[in-house]
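In what follows, a single structure is set out as C-alpha cells and then discussed.
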Amino acid sequence: MKKELDKAYDPKQFEDRIYRMWREKGCFHAEVDPQKEPYTIVIPPPNITGQLHMGHALDNTLQDILIRYRRMQGYSALWVPGVDHASIATEAKIVEAMKEEGLTKEDVGREGFLSRAWEWKEKYGTRITDQLKKMGSSLDWDRERFTMDEGCSEAVKEVFVRLYNEGLIYRGERIINWCPHCKTSISDAEVEYEEQAGHFWHLRYPLSDGSGSVELATTRPETMLGDTAVAVNPDDGRYRHLVGKMLRLPLTDREIPIVADSYVDMEFGTGVVKITPAHDPNDFEVGLRHHLPVINIMTEDAHMNGLCGVYTGLDRYEARKRIVADLDAQGYLVRVEDHTHNVGTCYRCGSVVEPRVSKQWFVKMEPLAKPAIDCVRNGDVKFIPERFDKVYFNWMENIRDWCISRQLWWGHRIPAYYCDACGEMTVSKDAVTACPKCGAPVHQDEDTLDTWFSSALWPFSTLGWPEKTPEFDYFYPTSTLVTGYDIIFFWVARMIFSGLKYTGKPPFHTVFIHGIVRDEQGRKMSKSLGNGIDPLEVIDRYGADALRFMLATGNSPGNDMRYSEEKVKSSRNFANKLWNACRFIMMNLSDEITEASLPDVLTVEDKWVLSRFNDVVKEMTENLDKFELGIALSKIYDFIWDVYCDWYIELSKPRMQAGGETAENAQKVLLYVMQGMLKLLHPFMPFITEEIWQVLPTGGQDTIMLADWPVYDDGLCFAQEAADFEKVISAIRGIRNRRAEMNVPPSKKAKVYIETREPQLFGQMGAFFERLAGASAIETAASYSFESAVTVVTDAARIFIPLDDLIDKDKERARLVKEQAAVQRDIEAVSKKLSNEGFLAKAPQNVVEQEKEKLSRHQERLAKIEESLKAL
RNA sequence: GGGGGCAUGGCUCAGUUGGUUAGAGCGCUCGCUUCACAUGCGAGAGGUCGAUGGUUCGAGUCCAUCUGUCCCUACCA
C-alpha cells in the first residue's frame, strides 16, 4: 500500500512526531567508537533563566547543520547539550521573586536561598532545552550537563586549587567594578560603556597656607569627599612650585597634598586632577605610587557612608546635587560645563558601576594569555571569519587580571577557608574543618566564582575532565565552537586559555562566529524595545524547517542579519515545493520500485540531471567543509527548485504518460535524485526531509539522519550529455520567450522547425518541445528557408515557427537587427580580449580556451541571425 | 584615541582562491485555474557593484585615499 501525502505541507503534523522518533531510535547519541573519527561540538550553554530567542535559534541551527552533516558523513558526531547556572542573572531573578513575598536574601539565609535557587533550576532549567528540541537540535540528551553539576563543580575546584598553588590565582585588595544594584563585583568584561550627557564641574581648592588656590575639573563632584590628593604633571611649569604643598579640601576639615604624576595630561582641562583612590581606577594607581590613603566614602549600594558627615545616607546622585550646591554657596564652584562621557554600566542590570576598593580574588592573566595568543597565531585555533583573530589578539594582548569573586550565593563557592583563630587561609578541593596550622575552627569564603569561570571549562568539564574518561580521550579537543561575536571575550577567549592551561590542548580547532539577528528594521532585538521575535511563534506558524532555512540562507559568517517574516514565508514555500515534488513522485511511482536504483538505460535528460546533481554534491560538500553554509544551502535550493522541479519533473511527465519501461526508468531517476537531494538538504531542514524519506521507498533505511552523505560519483559525470541537453533547454527557453513576446496564447500550438547540426539530439526531444514550448510537432533539418516565420536563434540551432497570421516582418527585422547588434558587441569584446597579447601570454590556458569557444559560438550565432535577416 | 564591519537593481541580502553576459528572495509588469504545487507556472523590466586613484592581460573581488553608516575597544579627570 502506497503511502500518501497531504496536499499541502503542514509541518505541525509531523515535526514533534519525527523528533520523538529520532530520540526513541537513539539517533542523537554518539559513542566512543575507535572505528570512526570523532566530531564534537559543545553547545554554548544557555542560561537557566533564559528563553529561546532568535540568537539561540541561529546559533543552534548552525550547530545542528554541522553536526548532522558530519554524522551523515560517518563521524561519531557528538553535540553536547547543557545549561549554565548564570549566577548573577539567576540570583537577581530569585531575589526579585522573594521581594514579592516581602523577603530578602538575609531573611532566608544562605541555605534557604540556595534551596530556592535549586528549585528554580528544576523548574526552569528544562524550559530552554525543551525549546531547543522544537528547533530540531540533534543534541545527545544522554550527555546533558549543567555548569553546577557534580562533575563541573569538581572541575572548577580542581582548576581553582591548581591555579592557586601555582600562584596564578591570588586574593588582594584592589579597585574593582562594583554593581550597586547586584551588590557584587563584576569583571571588566561585564561592564558596558555608554555615552551619557553629564557636566564638568570646575572646582577651586584653596592652598592651606592661604596663598591662593588651584582649579580643577571633575565629572563626579561627590567623590571629592574621598579625595586624598590633587595631582599635576611633573613637567607642568604652571604648577611645579606647588608640588608638595597642602590644600584644604572644601566641605571637610582635611588637608591633602599636591603630588606630581605623569598620568596627568597637561593639555586637558586645567592640568590639575583630584585624586580619589577609592573610587576611580586611575586614581587608585596614582594613590599606590604616592602612598596616598584610600578613603571609601560609599556603602555597597552606592549611598554616602558614615564618613560623609551631613551627606551620610544620601544616594550618590542626591549627594552630588547637595555637594555642588554647597560648594557653590561657599565659593568653591567656579563654573559648570556640559560634557558627555562614557559611563560604565552593569551588563546585567544596567546600573552605573561604581569603582570600589575591596578584597577580591583574581586570576593572573599574563602567563595564561601568552600561549592563548600563540595558538591562534600559529593556526591551532582558527577563527571563521578570520578577521576575528584581530579582535581576539587585541583583547588578549591588553588583558588585565580577571576578578573572579562575586558577592553572590548562587554559584561555585570559593574553596578557601579562613581560620577563626590565627587567620590562616587554606585553599583545598576537599572541605576543610579545622585549621591545619592551629587546629581551630575555620569558615569558608563567602563568595562564589564568576559564572564564566565554570563556562571557561565547559569543553572539557562536560567530557569528564579532570577524570581520565574515554569520552575525554576520544572527543577532546572538540572540533568546532559556534558562537556569536558578542561573547568572544566573555567565553571564547577564556575557554582557549583554560583549555591550554589545564588540558595542554586548545579546546577546539575552529571557532565559527556568527552575527546577531536584528529585527526587520535592522535594530537589535531587545526586551526594552519589545521588538523581539519569538522563534517558537515562528515555528508554530511556519515550522522549524522554515525558520532554520531562513536563518541559514544568505547568512555569511560573522555578519549580522535581519529577521524578516517574508523570508520565513519563502522558506516555507520552498518546503511546500519540495513536499509537492514528493507527492508527484508518489502519485506516479510504480509499486515495483522499492528502493532508489538507476535504470540500465539513461536518456540524455537523465544524464543531464544526474550530472547536475553530481556537481551539486561536490560543491556543497566543499562549501560545508569551508563553513560556507549559506552558499551550500543556496545550491541545493536552486537545484531542487530550478533543475529538479522546473525541468526534470516537467520532462518526466510525457515519459510517465508513455508508460511502460519509459515511465519506470523516469521514475527510478526521479526517486534516485530525490533521495540524494533530501540527504543534501537534511542538515538544513531535518524534519521535512525525514518525513518525506519515511514515505519514499528507501530499501529499509529507516531514517535519513543516518543515511550516507552523497559523494561525488565519477560514474555519474556526463559532461557531454549535460552540455547537449543545455542546448535543448535554451531552445525551449528561446521559443517560450518569443511566444510570450508576441503574446501567443498558450493554447495556440504551432509546428516547430529546428535547423541544427545535431538533428539526432533535437530529433528525440519532440515530446519536450510539445509539452514545454507549445509545439504541435517538431521537425529537424540541416537547413530551412522560410519566407515568413518567427525565428529563434540559439548557439546550437535556428528555430522557425510559422505563425503566419502573427508575423509582422518589420518588427521581426527590427528584433533581429537588435539581436545582431548585441551579438556584435559580444564579439567585439571577446575579440578585443583575444587580440590582447598580454591576455594570451599571461591568462591561464583554460581561460583563453573559454574565450575562444565563446567567440566561435557568438560568430555562429551571428551568422544565423544574418542569414535570417537576408531571408526577410 | 585605536580597530573592524557594511555600502551590489525598489527592499533584504548572496557573490567561495581576481577569469563567461554580476545572482537570489520579496516587490513590479505581462500571460497562465497546464492532470505535484496559485505556498504555483511561463516570460520580462530593473544594477556605470559608494567615490577617486592604483596593482593586473583582466577588479564587485586585491591595495591606497575619501564619503556615508554601524559596531567593538580604550583609564583622559
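Note on naming: letters A, B, ... go to the chains in the order of the sequence lines (proteins, then strands), and numbering restarts at 1 for each one. Values in this document were obtained by computation on a predicted structure and should not be read as measured data.
- Backbone-only contact: A/Asn737 has heavy atoms under 4.0 Å from sugar-phosphate atoms and none from a base.
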- For every nucleotide of nucleotides 27-39 of chain B, 5' to 3': is a protein heavy atom under 4.0 Å from its base (B), only from its sugar-phosphate (S), or from neither (-)? ---------BBSB
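- Counting any heavy atom pair closer than 4.0 Å across all strands shown, A/Phe388 reaches no nucleic acid atom.
- Nucleotides B/U17 and B/U21 place their C1' atoms 23 Å apart, quoted to the nearest Å.
- Between A/Arg289 and A/Asp261 a salt bridge is recorded (basic side-chain N to carboxylate O distance below 4.0 Å).
- Within 4.0 Å (heavy atoms only), A/Arg738 reaches no atom of the nucleic acid at all.
- A distance-only check finds a donor-acceptor pair linking the side chain of A/Arg387 to the backbone of A/Gly558 [under 3.5 Å].
- For the pair A/Lys274 and A/Asp283, the salt-bridge criterion is not met [side-chain N within less than 4.0 Å of a carboxylate O].
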- Message: side chain to side chain contact (heavy atoms under 4.5 Å, CB included), that's the test. Do A/His199 and A/Thr219 meet it? Break it down for me.
- Response: CA-CA 6 Å; A/His199 300 284; A/Thr219 54; over 6 Å; no
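- In this structure, of B/C76, B/U20, B/G25, it is B/G25 that holds the atom nearest to the side chain of A/Ser570.
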Could you go through nucleotides 12-16 of chain B and list every protein N or O atom that sits under 3.5 Å from one of its N or O atoms, giving the distance for each pair?
from: B/U12; atom 1: O3'; to: A/Arg562; atom 2: NE; distance (Å): 3.2
from: B/C13; atom 1: OP1; to: A/Arg562; atom 2: NE; distance (Å): 3.2
from: B/C13; atom 1: O2'; to: A/Gly554; atom 2: O; distance (Å): 3.4
from: B/A14; atom 1: OP1; to: A/Ser556; atom 2: OG; distance (Å): 3.2
from: B/A14; atom 1: O5'; to: A/Gly554; atom 2: O; distance (Å): 3.4
from: B/U16; atom 1: O2'; to: A/Lys626; atom 2: NZ; distance (Å): 3.1
from: B/U16; atom 1: O2; to: A/Asn623; atom 2: ND2; distance (Å): 2.9
from: B/U16; atom 1: O2; to: A/Glu628; atom 2: OE1; distance (Å): 2.9

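- Taking the six-membered ring wherever Trp is involved, the centroid distance between the rings of A/Tyr347 and A/Tyr193 does not fall below 6.0 Å.
- Here A/Thr621 pairs with A/Trp709 under the side-chain hydrogen bond (donor to acceptor under 3.5 Å, both in side chains) rule; sequence neighbours left out.
- As rounded to whole Å, 6 Å separates atom C1' of B/G58 from atom NZ of A/Lys833.
- A/Arg739 contributes a side-chain N or O that, together with a main-chain N or O of A/Gly774, makes up a donor-acceptor pair within less than 3.5 Å.
- Remark: A/Glu337 CD is packed, more than 12 non-hydrogen atoms of other residues, nucleotides or ligands lying under 6.0 Å away.
- A salt bridge links A/Asp188 with A/Arg400: at least one charged nitrogen is closer than 4.0 Å to a carboxylate oxygen.
- Under the 3.5 Å distance criterion, with hydrogens and angles disregarded, no donor-acceptor pair is assigned to the side chains of A/Ser564 and A/Lys569.
- Looking at RNA chain B, the stems built from 3 or more consecutive Watson-Crick or G-U wobble pairs, each pair with its key distances under 3.5 Å, are B:1-7 with B:67-73, B:10-13 with B:23-26, B:28-32 with B:40-44, B:50-54 with B:62-66.
- Applying the side-chain hydrogen bond (donor to acceptor under 3.5 Å, both in side chains) test to A/Ser556 and every residue at least two apart in sequence or in another chain returns A/Asn559.
- Between the side chain of A/Arg204 and the backbone N or O of A/Val214, no donor-acceptor pair lies under 3.5 Å.
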Any protein N or O atoms within reach of nucleotides 71-73 of chain B? Criterion: under 3.5 Å, listing atom names and distances.
none

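- Within the 4.0 angstrom heavy-atom criterion, only backbone atoms of the sugar-phosphate kind lie near A/Trp641; the bases stay farther away.
- Each of A/Tyr637, A/Phe684, A/Tyr542 was scored for a ring pair (Phe, Tyr, Trp, His ring centres under 6.0 Å) with A/Phe549, with one residue passing: A/Tyr637.
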